[in-house]
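Some notes on the structure that comes next.
When reading the values below, keep in mind they use all heavy atoms of this one structure, side chains included, and skip hydrogens, waters and symmetry mates. Keep in mind the model is a prediction, meaning the values are calculated, not measured. Order of the sequence lines sets the chain letters (A, B, ...), proteins ahead of strands, with each chain counted from 1.
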Number of protein chains: 2
Amino acid sequence: MTTADRPYHHGELPEALIAAGLRLSRAGGSAALTLRAVTREAGVSATAAYRHFTDRDHLMRDTARRTRRALADTMLETIAELGTDLPPDAQAVQRLRGVGLGYIRFALDEPGWFDLAFSMPDDPSAAPSDRPGPFELLMDSLDAMVATGVLAPERRNGAEWACWGSVHGFADLVARGPLRDQERPVVDQLGRNVVESVIAGVVAGSLDGVRLRPDGSC
Amino acid sequence: MTTADRPYHHGELPEALIAAGLRLSRAGGSAALTLRAVTREAGVSATAAYRHFTDRDHLMRDTARRTRRALADTMLETIAELGTDLPPDAQAVQRLRGVGLGYIRFALDEPGWFDLAFSMPDDPSAAPSDRPGPFELLMDSLDAMVATGVLAPERRNGAEWACWGSVHGFADLVARGPLRDQERPVVDQLGRNVVESVIAGVVAGSLDGVRLRPDGSC
DNA sequence: GGGTAATGTTGACAACGTACACATCGCCAC
DNA sequence: GTGGCGATGTGTACGTTGTCAACATTACCC
């Protein structure tokens, strides 16, 4: 055909497809990221995407990685807003707080991107990013807590999963679960509770610190 | 047609469709619960389901409810295995522990059902079940902790979301996330950590109990 | 300048959800 | 009994999706 309006070759198709994917998923989540919708949006035939992505999953994974980068940005913004002029130990805790609150804020502000971000398992064979991702930010804050003495070293192991799970689970409740259409102030307050709880839980490690033995008896 | 082999009318079609949905989703998660696959499995034409369910979502919601019932059963089994001959206050904590560990166990043992269970938002207009669901079991255990004095009443509010989020998030990490193909013993240990952390966090409420002020300073 | 690989298009296929018209059956009124 | 009517199941069809194979166009390098 080639109506001479658009050149036959796009030139920047991979980037254009990902950009279209970001637009679509922002509004409609991972389900809206359709191969045909994305190519339509880019003004290209449906099968053109196969020259740059092996299949739909490939495009989704690459697009999801971008949304995770946006999540990391939100975390960093949240950390900055919380303030940075604290003594090192308190600053380390503050960073963990920012990681958690930023995660929840992202899920609330960008539910479509949040859905996409974790609907795809990240393949470990991907090129490493220059900037730290959400998970690296979490690890760094926990390491800093150990380094400054706030977190006992023997409690560091596995702490990332307790933190990530807590915040991710709550964000999921808010984005897709029973807390879906709660008022924003209510959700914000609950989110603060969750973050404070998990920080306390990770630091305390078990009920030992609060008058209970490990088996649950008092 | 009616080859006289099968009668024209199935008789128990709604139940048969849900049973087929449970079989399919058990192996392939929510994506495998296809209207056509379910009707095929039941030996019935593709559109027969529309006589009993308004659309695919309706069938999925009803099937998902069954998987949530199975989850509640796993929770109760786990509570029973942990032992029931404890003083009331310790027993209340033990029940919370069983709720959390049962949730994680279910996600590990039945990843397909777990995926389906929470892929659909539950509609509040459904008929209430006779047996308590997963959420009721959680609420009951927290209430018992308040009643026996283990949990301060002022910390009861919102505690269910911190607990649910923690455990749900961790289960999601294990079922679909980066912990997807970890060894079972490792995951079990991490799961115990998560549950102990969240219990400690809910009881402690904030870092107050462990030498830190709310703003994070020491 | 001509050949080759990269890139984009067309057409097709199977699977999906779903609407519509039609077939078959249980059951109740007469 | 027997008619008819509502409930239940079937067949066909349409539009959408992911994906493959064959073909068209272009960039680029010898």
Could you pull out the protein-nucleic contacts involving nucleotides 14-18 of chain D (nitrogen or oxygen on both sides, under 3.5 Å)?
unit_1 : atom_1 : unit_2  : atom_2 : d
D:dT17 : OP2    : A:Arg40 : NH2    : 2.9
D:dG18 : OP1    : A:Leu35 : N      : 2.8
D:dG18 : OP1    : A:Arg56 : NE     : 3.3
D:dG18 : OP2    : A:Leu35 : N      : 3.3
D:dG18 : OP2    : A:Arg36 : N      : 3.1
D:dG18 : N7     : A:Arg36 : NH1    : 2.3
D:dG18 : O6     : A:Arg36 : NH1    : 3.1

Whether B:Glu196 and B:Arg97 form a salt bridge (side-chain N of Lys/Arg under 4.0 Å from carboxylate O of Asp/Glu) is what I want to check. yes
Ion pair B:Arg105/B:Glu81, N-O distance below 4.0 Å: yes
Walk me through whether B:Phe135 and B:Trp164 qualify under ring pair (Phe, Tyr, Trp, His ring centres under 6.0 Å). CA-CA 8 Å; B:Phe135 191 71; B:Trp164 193 271; 5.7 Å; yes
Short side-chain N/O contact from A:His52 to OP1 or OP2 of C:dG8, under 4.0 Å: yes
Atom-pair distance ([atom1] on [X]; [atom2] on [N]), nearest Å:
{"X": "B:Phe53", "N": "C:dG17", "atom1": "CZ", "atom2": "C1'", "value": "16 Å"}
{"X": "B:Asp57", "N": "C:dC16", "atom1": "CG", "atom2": "P", "value": "16 Å"}
{"X": "A:Leu13", "N": "D:dT26", "atom1": "CG", "atom2": "P", "value": "16 Å"}
{"X": "B:Leu59", "N": "C:dT18", "atom1": "CG", "atom2": "P", "value": "11 Å"}

Can you confirm whether more than 12 heavy atoms, excluding those of B:Asn157, are under 6.0 Å from its CG atom? no
Of B:Ala48 and A:Arg51, the one whose closest nucleotide on DNA chain D sits nearer the 5' end is B:Ala48
Centre-to-centre under 6.0 Å for B:Phe170 and B:Tyr103, is that the case here? no
Taking N and O atoms by type only, does the side chain of B:Thr47 place a donor or acceptor under 3.5 Å from a partner on the base of D:dG9? no
Provide the full list of salt bridge (Lys or Arg N to Asp or Glu O under 4.0 Å) pairs with a residue in residues 34-51 of chain B, sequence neighbours left out, each pair given once. B:Arg23-B:Glu41
